[in-house]
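To start, the structure itself, in structure tokens.
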Amino acid sequence: MPRRWTTVAVLSFALMFFSMPHVLVDFAVGEPLKRGVAAPVIAFVVSVLLAVQAVGLLWLGQRRRIGLWCHAVIGVVWPVAAGGAQLAEVLAEGVYRSGAISAAYVIGVIAVGVTMAVVSGVALVGQRSAR
């Protein structure tokens with residue numbers, strides 16, 4: 001597997017490391033309902049994102065370009081969702097939810113997601129120019 005593809009796979013697992021606990025904290029504090037969104041709707045959206053990410057990992061392992069595309073998209077969606085919903089709250093003065101660990105999850109989702117999107121995009125461009 002090319003080095004960039006391996007990097008995308010590692011970043012994908014890192015994104016899961018941050019996104020899964022972040023979502024659990026969101027549900028524990030009732031965040032979806034505070035924002036007027038039913039918990040089953042958010043659960044479905046998160047399930048779809050994780051399923052796409054998992055299938056993307058499978059495709060990366062098979063060296064299929066669609067795996068890079070999945071990770072480029074997921075790498076944009078997670079940071080936009082987490083950052084758009086909570087970054088202002090994280091950066092505001094005072095304690096964010098459960099403290100530093102909760103803030104670290106949000107920042108991790110954003111940082112790893114953006115990095116994954118960029119590395120996936122670079123790998124896609126590199127694949128195209130190698131043809």
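Along the sequence shown, residues carry numbers from 1.
Under the 4.5 Å side-chain heavy-atom criterion for Ile, Leu, Val, Met, Phe, Trp and Tyr, Val80 and Val119 are members of distinct hydrophobic clusters.
The distance from the CD1 atom of Ile101 to the NE2 atom of His22 is 12.5 Å, given to the nearest 0.5 Å. Of the inter-residue distances, the one linking Lys34 atom NZ with Asp26 atom CG reads 9.0 Å to the nearest 0.5 angstrom. Taken from CG in Leu68 to CZ in Arg63, the straight-line distance is 11.5 Å, to the nearest 0.5 Å. We find the CE-CG distance between Met20 and Leu24 to be 8.5 Å, quoted to the nearest 0.5 Å. Separation of atoms CZ (Arg64) and SG (Cys70) is listed at 9.5 Å; rounding is to 0.5 Å.
Nearest heavy-atom pair, Leu15 versus Val109, reported as atom, atom and distance to 0.1 Å: CD1-O, 3.7 Å. Smallest separation of non-hydrogen atoms from Tyr105 and Phe17: CE2-O, 4.5 Å. Considering all non-hydrogen atoms of both residues, Met116 and Ile74 come closest at CE-CG2, 3.9 Å. Closest approach of Ala117 and Val76 over heavy atoms only: CB-CG2, 4.0 Å.
Grouped by direct or indirect side-chain proximity (heavy atoms under 4.5 Å, Ile/Leu/Val/Met/Phe/Trp/Tyr only), Leu33 sits alone. Other members of the cluster containing Val10 do not exist, because no ILVMFWY side chain is joined to it at under 4.5 Å.
Sequence neighbours left out, not one pair with a member in residues 76-87 passes salt bridge (charged side-chain N to carboxylate O under 4.0 Å, His left out). Every pair tested for side-chain hydrogen bond (donor to acceptor under 3.5 Å, both in side chains) that includes a residue from residues 109-124 fails, sequence neighbours excluded, so the list is empty.
For Phe27, the CZ atom sits in a packed shell: over 12 heavy atoms of surrounding residues, nucleotides or ligands are nearer than 6.0 Å.
Contacts of Arg35 classified as salt bridge (charged side-chain N to carboxylate O under 4.0 Å, His left out), with partners at least two apart in sequence or in another chain: Glu31, Glu89.
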Hey, can you pull the donor-acceptor pairs under 3.5 Å for the side chains in residues 45-60, sequence neighbours left out?
from  : atom 1 : to    : atom 2 : distance (Å)
Ser47 : OG     : Ala43 : O      : 2.8
Gln53 : NE2    : Ser12 : O      : 2.8
Gln53 : NE2    : Ser12 : OG     : 3.0

